[in-house]
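All remarks here apply to the structure that follows.
Along the sequence shown, residues are numbered consecutively beginning with 1.
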Amino acid sequence: MASNPEPPPDEPTPGPTAGGAVAVGADAPAQPPLAPALEGGSGRLGPSPTLSVGFLLPALVLLGLLVVYPICYTLWRSLYDASGSGFVGLDNYVTMFTDSATFTAIKNNVIWVVVAPALITALGLIFAVVTERVRWAVAFKLVVFMPMAISMVAAGVIFTLVYDHDPNQGVLNAVVVGVHDSFSEPSAYPGAHPRDGGPLKTAPGGAFETGAQVQPGQSVLLPLVAVPPEKQSKLGRAGTAAARPGTITGTVWLDFAPGGKGTPNQIDATEKALPKLRVEAVSGGKVAARATSGADGTFAFKNLSAGSYTVRLAASNFAPPYGGVTWLGPSLVTPAIIVAYIWMWAGFAMVLIGAGLAAIPRDALEAARVDGATEWQVFRRVTIPLLAPVLMVVLVTLIINVLKIFDLVYIIAPGSSQQDANVLALQMYLKSFTGGNSDQGLGSAIAIVLFLLVLPAMIFNIRRFRQEQA
């Protein structure tokens, strides 16, 4: 019986030879794949640098014309005088820091930087947290973010009306006056005063008093004029107070008859009474008795001791009506404008912080709650630390914006208090382009200082963006 044939030996593996032929043998080395053809034979992958420069050149030219050149020219111009012909070195910078108006602008800029970004960031955080917990979150976000669609000039016009001192036009003062009058009764006859040559004379503090002394048992006449016509229509006819023993009586009335037919300082048949007037009997500089005029204008002081008295109409009867708060006055103009800025930018902070909240892992929040943390502890020790990068970006962005604030201040602040609300950007504009003594050298120096103040915040923001992308 024939035996099985032996298996054939292993076939050799082909491989390329040095000349490009295929080598046959077990020990032939493996070769790497052929490298792709290099463009232009230059030994460099990708397009040439010349092509890249060609694409970047238009952007570089625009950047130079719109950014680099203005900065360099402003720096050069800040070293020259107002006419631009005389080199003054750093004198414009010295003048800037010794000028009272510029010092006020720097002080106000510090207030803006400290107050506005912090308040907006805090409000944005509160709004972002609230919108996660309410059913009408979309409507809330729409209302809060809507001011971002309004220009600074339009917002300035809106808040100029809001802060108007006249309660009939200014919304804020209308509310303030309404609340004030709810708790404090307004004066009965603001602006009313005695007729010239009458028995009443002006007393210190805005009151009116009799020129002659009065004794119990006598009756006095206290005529007034200048009561508004709309108030006259609600008044009744004036009566006559009869003299009574031991009592000082009198009548307070409007000494005016239509057509001028009345007799001055006498009660005529058609003349009106002035009710609800506070009347005082004064002796030795002290109030001995008080009374209030009735519907017919009469009053009486009973149980007076013997002696002489001065009858006085209290100043509270004639005080002008409460007109509200002067929001755009020297002391409140900067806080008022900051409120307008917060109204505009709170929606911006809310949207960015809301996006950061949405990106927070819910597992971390739930783990803290499972461990027994309260909602405040979860917010303070988990949510805030995870939101820190977003909060920092919002804060720094707002700092950059408030350092450059101009149009809102220019529109809202009236001329009488514009210097009190002044900021660096507005001061730069006023010095450079307004008035007969405009000084673009000093204005350029202010612009350079403003640029140097903004630059660190911009660099900080750019570095954070790069770190997040790394």
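A distance-only check finds no donor-acceptor pair linking the side chain of Asp371 to the backbone of Ala373 [under 3.5 Å]. Without hydrogens or angle criteria, Asp255 side chain to Pro264 main chain gives no donor-acceptor distance under 3.5 Å. Under a 3.5 Å cut-off, the side chain of Thr397 and the backbone N or O of Val393 do form a donor-acceptor pair. Judged purely by atom type and a 3.5 angstrom limit, Asn317 uses its side chain to pair as donor or acceptor with the backbone of Arg278. With hydrogens and angles disregarded, no donor-acceptor distance shorter than 3.5 Å links the side chain of Ser417 to the backbone of Asp420.
The cationic group of Lys231 lies under 6.0 Å from the six-membered ring centre of Tyr189 and within 45° of the ring axis, placing it in a cation-pi geometry.
Residues Phe97 and Phe103 keep their aromatic ring centres 6.0 Å or farther apart. The ring of Tyr429 has its center closer than 6.0 angstrom to the ring center of Tyr410.
Here side chain to side chain donor-acceptor pair (under 3.5 Å) pairs that include residues 99-110, with residues two or more places apart or in two chains, are Asp99-Thr102, Thr102-Gln427. Listed by first and then second residue, the side chain to side chain donor-acceptor pair (under 3.5 Å) pairs that reach into residues 326-336 are Asn173-Trp327, sequence neighbours excluded.
Note: Tyr341 and Trp345 have parallel aromatic rings, judged against thresholds of 30 and 60 degrees for the angle between ring planes.
For the atom pair Leu274 CG and Gln232 CD, the distance stands at 9.0 Å (nearest 0.5 Å). Summarising the geometry, atom CG belonging to Leu365 is positioned 8.5 Å from atom CD belonging to Glu375; distances are rounded to the nearest 0.5 Å. A distance of 8.5 Å separates CG of Leu313 from OG of Ser293, quoted to the nearest 0.5 Å. Here the CD1-CG distance, from Ile120 to Leu125, works out to 13.5 Å after rounding to the nearest 0.5 Å. A distance of 9.5 Å separates OG1 of Thr121 from CE of Met392, quoted to the nearest 0.5 Å. Interatomic distance, Leu235 CG to Trp253 CH2, rounded to the nearest 0.5 Å: 14.0 Å.
Residues Leu277 and Leu224 are in side-chain contact: their nearest non-hydrogen atoms beyond the backbone lie under 4.5 Å apart. The closest side-chain heavy-atom distance from Ile360 to Val382 is not below 4.5 Å. Annotation: side chain of Val311 is in contact with side chain of Val279 (closest heavy-atom distance under 4.5 Å).
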